2 protein chains.
Amino acid sequence: MIRLLLADDQALVRGALAALLDLESDLEVVAQVGRGDEVVEAARASGAEVCLLDIEMPGLNGIDAAAALRRELPGTRSLIVTTFGRPGYVRRAIEAGASGFVVKDTPSRQLADAVRRVHAGLRVIDPDLAAESLIDGPSPLTGRERELLTYALDGSPVATIAARVHLSEGTVRNHLSAAIGKTGATTRSEAARIAQDRGWL
Amino acid sequence: MIRLLLADDQALVRGALAALLDLESDLEVVAQVGRGDEVVEAARASGAEVCLLDIEMPGLNGIDAAAALRRELPGTRSLIVTTFGRPGYVRRAIEAGASGFVVKDTPSRQLADAVRRVHAGLRVIDPDLAAESLIDGPSPLTGRERELLTYALDGSPVATIAARVHLSEGTVRNHLSAAIGKTGATTRSEAARIAQDRGWL
DNA sequence: AGCTCGCCGTGACACCTGTCATCGAGCCAC
DNA sequence: GTGGCTCGATGACAGGTGTCACGGCGAGCT
């Protein structure tokens, strides 16, 4: 009997996944949480062996939760289950110590197998995503560029961003200009979108 | 036995919801589709009585799918099940003939009850969302404004948008300026975001 | 017929943005 | 220490953007 923890912020999806996995005779959902910062505690209390983690969660994202799990409970394995198959996410998830990466587009029958493989100590990674994350390479963005791009995601004017990070307007423009060059974009909004698509933010 | 159809573009979520609902002794999932434009055909072929529709789907969105269902198979009822509880979505869903509107944040135990109520001819609508959609009122945007805002969502420059819709640059700026005023924004990106949040796009 | 309203266009103006050249401070390698 | 690198900052300039005033067209209503 493999003991599972589910972490997803959408209660309906969480409950549905639990129903799906409980159908398998060798799997057992022993904990469910809706926030990333509750994962470690719930995993410890429930004695979960494999944790299924969504990426977008309040409190702590799934990748950071996987890192926390590796640090606090090294025996527990993590499987990222997310909507967005962004190359940078895969890379960061593996670096954070996750054992697997599955997108929510995969057929539901394959999920249980993925869980079993992860539990057995194998790596489970969507092959297309793995290839993409290899050719893309790691993020070329510097820390500031990444930070400013996240603020530029919603199209905020430069002045607003500059005020938020306590920088000069010209400096913000320069960093964003560099990011625009690195992403091959022509606008800071486009650059932000591209960076997000690749999982660089 | 209530016959159900599931429409959601994420196979994993679809399969999981099927597992959840099949646990109920009076519910039976008789069809699953991953595209909005396959809903009517699948509902006809399977004889589904209640259709659970996600909004974001390729081919046809869930609201338009509900409208198509009312037109083609008036006896079939629709229940919108979506991630985003946007006020405008609720209004449009009801106008399109949907019998219910549930967000994916709701506890999974309540889903089966919602399905039963819809099947019985009742309306099931998240009370908070219903209130919001009432105070917000309908979209104040004209057709062009709405169209141009969707193109402005990713922060495209005015010239690009103008070329895409075969309009003059000045005209595009004027329409977007009107939309900016109506949304209370100061930038076309912000206006687009606000309009999207309210379900006006 | 007048009237309103949505839609398309032009021109002008103030302001914002992206790019470039340039500078200084800190840090690491040789 | 010198050279090379990144980060932060400034200033200047061309081009993009939001706003306003104005005009014209067609559809629908009184």
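Remember, predicted model here, so these are calculated numbers, not experimental data. The sequence lines fix the lettering, A, B, ..., with proteins before strands; numbering per chain opens at 1.
- Across all their heavy atoms, A:Leu141 and A:Ala195 have their closest contact at CD1-CB, 4.2 Å.
- Non-hydrogen atoms lying under 4.0 Å from DNA chain C are contributed by A:Pro157, A:Val158, all within residues 146-160 of chain A.
- Put simply, CZ on B:Arg144 is 19 Å from P on D:dC25, counting in whole angstrom units.
- With respect to the salt-bridge test (charged N to carboxylate O, under 4.0 angstrom), the residues A:Glu24 and A:Arg116 qualify.
- Between B:Arg77 and B:Glu49 there is no salt bridge, since no side-chain nitrogen of the basic residue lies less than 4.0 Å from a carboxylate oxygen of the acidic one.
- In terms of modelled atom types and a separation under 3.5 Å, the side chain of B:Gln196 and the main chain of B:Ala192 share no donor-acceptor contact.
- Using a 4.0 Å cut-off between charged nitrogen and carboxylate oxygen, B:Arg14 and A:Asp105 do not count as a salt-bridge pair.
- Remark: side-chain polar atoms of A:Arg92 are paired, donor with acceptor, to backbone N or O of A:Gly199 under 3.5 angstrom.
- No side-chain heavy atom of A:Asp54 sits less than 4.5 Å from a side-chain heavy atom of A:Val13.
- The stretch residues 172-201 of chain B comes close to DNA chain C through B:Arg173, B:Asn174, B:His175, each having a heavy atom under 4.0 Å from the strand.
- The cationic group of B:Arg86 lies under 6.0 Å from the six-membered ring centre of B:Phe84 and within 45° of the ring axis, placing it in a cation-pi geometry.
- Heavy atoms only, all atoms of each residue included: B:Leu148 and B:His175 are closest at CD1-CB, 3.4 Å.
- Of the residues in residues 161-169 of chain A, A:Leu167, A:Ser168 come within less than 4.0 Å of DNA chain D through at least one heavy atom, sorted by number.
- Note on B:Glu147 versus B:Arg144: salt bridge recorded, some NZ/NE/NH1/NH2 to OD/OE distance being below 4.0 Å.
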